[in-house]
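Some notes on the structure that comes next.
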Protein chains: 2
Amino acid sequence: MIAELHKHPTTIASRLTEELTDAIVTGEIAAGEKISEPNLANRYDVSRGPLREAIRRLEGRGLVRHVPHAGVRVVTLELDEVVELYAIREALEGMAARLAADHMSDTEIEAVRELLDEHEVAVQKSEGREYFQQEGDLDFHYRIVMASGNQKLIALLCGELYHLVRMHRYRSSRTASRPQRALTEHRRILDAVAERDGELAELLMRRHLGGARQSIATQLEKPND
Amino acid sequence: MIAELHKHPTTIASRLTEELTDAIVTGEIAAGEKISEPNLANRYDVSRGPLREAIRRLEGRGLVRHVPHAGVRVVTLELDEVVELYAIREALEGMAARLAADHMSDTEIEAVRELLDEHEVAVQKSEGREYFQQEGDLDFHYRIVMASGNQKLIALLCGELYHLVRMHRYRSSRTASRPQRALTEHRRILDAVAERDGELAELLMRRHLGGARQSIATQLEKPND
DNA sequence: TGCCCCAATATTGTCGACAATAATACGCGT
DNA sequence: ACGCGTATTATTGTCGACAATATTGGGGCA
């Protein structure tokens, strides 16, 4: 009764895609690790056929790298790559924030405002230690992107890049992330959206992500051991 | 002796991925068409195994849409989706132009300048009818993106989104595309890059793509028959 | 002793057949 | 004659076995 409460009779390959995605994102399958098909096959108790198809999809999500006749390796996601990723987020989510200011409904804005309130109590509960990064629907950035109305943009940010972002979050959960400040910035962005000021929303979002990017870039300088 | 001059012994699935990508982009496999596995299997004279893997990759490139137990269909790429796509290009390639201004070497700049000269003669040869859209390395936008230095950005624009852009080009080869003007704008952008003025390069690139987007959006209003 | 070549092994790539699900067509009842 | 349920058919999903390629270990030669 763990899974399969969904009505649609899903396929093994689809299920595997999600399971493997999660396993990689959470580090259950270590970064840089070589994926052995026979190994994973009986680890997840499936045949190699569906497994290979799932891997091809992971390839499309940028979570693994494939070289013919040599196998696939989980991506490393070095810090400089994360910096690149955040630079892209800056451009794309900035755009999303601008669009959201036009498309987001009042009720949705209110819903996100309540979401941020919940985040507030979570932060205070953990005594400002970390902005407990919720995922998917519970993530502020996720909601903003979803409200942009641009389907291609949504697919890009929520489909592919998001997994890499999650992957980085899991690894550096304690470092950086000044939670109280991030929360404040989220509120400012939402305010701009509520005022239908797309330009400001974009500016604030870019600054928000730009700060995070620089914070990561700083870590990149100094060795962390 | 047609192919396989490359040293790396490529796999059937990889070859199929490229062949199918091209077939879809050029319209050889019509948009919206349902893909039958047995059909394609003996059409390309391969087994269903590699074919399915190739399809999964096409799925990742956003060229086909898959629903479990119902098969895959080639994407339709309606005009409003193209508009969305160009909005994304605006953000991403604008960023690429800005980065290229910092990273592009002088020799590479000169090479692109010569490329634009070749484009010029091609345009004049066709009497300004169309900017004969070259692909890959011969495409101006491609070169700018490649010079950005951001690997993730390159993968995104040259790997996935580019195929959709090509797909749209093939379908509307005659419409829009004021070639002389586009060429001039390309030159201006390159000039800004040569002067290491990233801000201006970004601005010009965004304006360049924004114009194209609005041109497409205009077509979207009026029925084209 | 060190290097290179070759054989043994393991892994990836490919294939054909079987099972499960969805679409289709036929026949029955009203 | 029309609608619905059922049987048929075709397509997708899955599996296990075989072939091809890369890796690893050992042995021979300089």
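Reminder, nothing fancy here: chain letters follow the sequence lines and each chain counts from 1.
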Residues forming a side chain to side chain donor-acceptor pair (under 3.5 Å) with A/Asp80, sequence neighbours excluded: none

Partners meeting ring-ring contact (aromatic ring centres under 6.0 Å, His included) with A/Tyr142 (sequence neighbours left out): A/Tyr162

Partners meeting side-chain contact (heavy atoms from CB on, under 4.5 Å) with A/Glu108 (sequence neighbours left out): A/Met104, A/Ser105, A/Ala111, A/Val112, A/Arg143

Can you pull every protein N or O that's under 3.5 Å from an N or O on nucleotides 11-13 of chain C?
from, atom 1, to, atom 2, distance (Å)
C/dT12, OP1, A/Lys34, NZ, 3.1
C/dT12, OP1, A/Ile35, O, 3.1
C/dT12, OP2, A/Glu37, N, 3.2
C/dG13, OP1, A/His69, N, 3.2
C/dG13, OP2, A/Arg52, NH1, 3.1
C/dG13, OP2, A/Arg52, NH2, 3.2
C/dG13, O3', B/Thr11, OG1, 3.2
C/dG13, N7, A/Arg48, NH2, 2.8
C/dG13, O6, A/Arg48, NH1, 3.1

Non-neighbouring partners of B/Glu18 that pass side chain to side chain donor-acceptor pair (under 3.5 Å), sequence neighbours left out: B/Arg61

side-chain contact (heavy atoms from CB on, under 4.5 Å) partners for A/Glu59, two or more places apart: A/Arg56, A/Val64, A/His66, B/Arg57

